[in-house]
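Here the structure comes first, spelled out in structure tokens, and everything after it is commentary.
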Amino acid sequence: MKSIVKSIAIGVATVLGSAQVLAMDVKVGVIQGLSGPPAIVDFGESYLQGIRMALKEYKAAGGAVDVELIVYDDEANPQRAVSYAQRLIQSDNVSAVMGTVSSGNVMAFAPILQRAGIPLIAGPSIATGITAEFIDEDPSYIFRCSMVEKFQIDKMLDWGIENFDKIGLLHSTTGYGSFAADEIQKGMKERGEELVEIQAAAPGINDLTPQMIRLRDAGAGLVLNFHESFELPYRALPRIDYKPTFAGNWGLSSQKVIDIVGQDAIEGTVMGQALDLSDPEAAAFDERMRAEFGDAYRWPVLAALGYDSGRIMFQAIENAGSDDPEAIRDAIESIQDVEAVSSTPAEPFSADDHECLDAEHVFLGVWRDGRVVRLE
Amino acid sequence: MLDTYLQILVSGLAMGAIYTLTAKGLFIAHLATHKLNFGQGDFLMVGAFLSMSLIIAGIPVLLAALLVLIALGLLGWGLERLVIRPLDRFGISGGSTYSWILTTAGVALILQNIAELVWGKSSHYSPPLFSEGRDNVIEIAGINMFVEEILVIGFAAVVVAFFYYMLFRTRWGRAVYTVAFNPEAAMLLGINVRRTVVLVFVLASLLAGISGILVGPLITIHPHIGLMFTIKALAVAAIGGFSNPLGILIGGVLFGVAEAFSNYYDSAFGDLYPLIFVLVFLVFRPSGLFSEAQADVR
């Protein structure tokens, strides 16, 4: 009799215990650029769509943790991003944070999260140094699932130098554009080459005809486009008898760019990529996103990285088995068997690598017949 | 080389024409009421978005333009009726207060937010007005121009001529100057002050609408383009002097062309030089190009 009571007690305790796991609520903060400069809005929204899709599927698959996303819009404003990070830590009591678009904003709040011991999966910010800055900390709480500027630029320069005699650069005067320009010039120098022309433009500019004329006159056959208005450089071309090949930021793969520029003009444009839609799983993801978000879904690669970062985060929380940020951090770092739709590997992180994408996972994509495919 | 310069000149002229049309709206409202609509650029933004939506919906361009102008006319009327006039209830001139700065800027913010709600926060491109593709280029004397650019330059010239005629050759023009000089006296002379002022704001709003329709296919539009146009239009109006339509045209053209050439010579600071040029210019001619040559009505 006693043993029966005991086993019932154990059974009840187990059930209650697992019920507790089942009912475990974990809050995840998301800071994302959802308004402000238009380019940033599209990046932020696409990435967030991916995170939401990951959460929806996680719940539908009977995920053991009840994850609640707390989403804030930092409007691409660093002060706002910092104050939201503080709010997430102090009043929302989140266990982990994801975001945001502007690399400057990430660099502003990452130290706060590191100090507070709250793990961050950054994205879709792309400045090269984000995780490297913290990797020597013991331990680093800063991870990232996004394109890394240096990796896409390296790929682009290797390909550009092999295929073109003269390479020109168009960049914006924002922090982002100037940073990319530095990285490109450094990369060219390392390869013993030089750009034939460097043109800049303010972010809100309306007409790039003067800049494109300079690039044309310099004879640039390849124009590296690191301006936030992805479509504006194409606009000036028909009237200045100039048809260079464009290569640039992964943003050029947005459905929006082809809608605006048109299929003929965009054909052959090259950009950094981390999603291969000819892969059946990626294509299936693309379908699901289209069904879920309709026309608002425009940027497969951004959404894919948001989706993968979400899946890593939710799985890590489940693996950690608690809402303790430190346990979640450890679980993120040691996560295995990630079935990513982007080129993120199955075991993305280690103690000295907090990037989803390493150099070998970034490749070049190209617009062909209205789709972005891998550049062969 | 000459080709290149002419090409840059033309693209500068086109943007300059847009600045002229926007500044013209500021000028006419300021002339009659000594007030400025700080949302002039945002009215342009609304015009651009409306015309884009209508054209995409398959409505013929001219009908779409007409509908946009009706909407913008109503907006201008509403601005005067709801945002400007209530401030004047302690006297028609109401010149002692500057509350209109706040209210017109407030309307600008409201319009930006409505545009965000309706059209979203990202950028858009308006389809070309008169062709299928985006390469509707016409060659004139070796210079390639977009149809919209030719239109916008031509239209700015027509509007300036129209204003010149209206202000200096018609009764209505005299009424505007009289109202500007002294509203009470104007009333005693039998001028319908209210109607003159309303008409001025409707006209200003229509100008923004026309600019919006024409500029839509030339630039990237998003809910926050307005402020930049307002600022540049203010600079243009300052160059031209706030009381002469011809000055505004010259100011707009100078500004647009200066901007295009400064982008050509030093693209990293392309936006900076024209504004420095305006500052230096104002040091030497604080009241603009033409305002001193005309009878000062203020």
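In what follows, every chain begins at residue 1, and chains take the letters A, B, ... in the order their sequences are listed. FYI, side chains are in, hydrogens and waters are out, and symmetry mates aren't considered; it's all heavy atoms of this structure.
- Interface residue A:Asp42: only side-chain heavy atoms are found under 4.5 Å from chain B.
- When heavy atoms are compared at a cutoff of 4.5 Å, A:Thr209 approaches chain B solely by way of its side chain, counted from C-beta outward.
- With respect to chain A, the highest number of heavy-atom pairs below 4.5 Å among B:Thr4, B:Ile138, B:Ile18 belongs to B:Thr4.
- In terms of the ring pair (Phe, Tyr, Trp, His ring centres under 6.0 Å) criterion, A:Phe293 has no residue partners (sequence neighbours excluded).
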How far apart are the C-alpha atoms of B:Tyr125 and A:Lys256, what are their side-chain angles, what is the distance that settles it, and do they pass the side chain to side chain contact (heavy atoms under 4.5 Å, CB included) test? CA-CA 10 Å; B:Tyr125 242 122; A:Lys256 253 193 98 159; over 6 Å; no
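- With a threshold of 4.5 angstrom between heavy atoms, A:Leu208 does not approach chain B through any atom at all.
- Of all heavy-atom pairs between B:Ala260 and A:Pro210, the closest is O-CG, 3.4 Å.
- The structure places CD of B:Gln112 at 11.5 Å from OG of A:Ser35, a figure rounded to the nearest 0.5 Å.
- If you measure heavy-atom distances from A:Asp264 to chain B, you find no contacts under 4.5 Å at all.
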CA sep, side-chain torsions, deciding dist, call: B:Thr220, A:Leu232, side chain to side chain contact (heavy atoms under 4.5 Å, CB included): CA-CA 7 Å; B:Thr220 313; A:Leu232 212 49; 3.7 Å; yes
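- Within the 4.5 Å cutoff, no side-chain heavy atoms of A:Ile240 are placed close to those of B:Asn144.
- A:Asp207 has its side chain out of reach of B:Leu218: every pair of non-hydrogen atoms, C-beta onward, lies at least 4.5 Å apart.
- Around atom CZ of B:Phe261, more than 12 heavy atoms belonging to other residues, nucleotides or ligands sit under 6.0 Å away.
- For a heavy-atom cut-off of 4.5 Å, chain A lies close to B:Asn263, B:Tyr264, B:Tyr265, B:Ser267, B:Ala268, B:Asp271 in residues 263-273 of chain B.
- Heavy-atom pairs under 4.5 Å with chain A were tallied for B:Gln7, B:Met228, B:Met145; the largest tally goes to B:Gln7.
- Summarising the local packing, CG of B:Leu102 is surrounded by 12 or fewer heavy atoms from other residues, nucleotides or ligands at distances under 6.0 Å.
- With contacts defined as side-chain heavy-atom distances shorter than 4.5 Å, the pair A:Ile213/B:Tyr5 does not qualify.
- The pair B:Glu149-A:Arg239 counts as a salt bridge, with a side-chain nitrogen and a carboxylate oxygen less than 4.0 angstrom apart.
- The local environment of CD in A:Gln185 is crowded, with over 12 non-hydrogen atoms from other residues, nucleotides or ligands closer than 6.0 Å.
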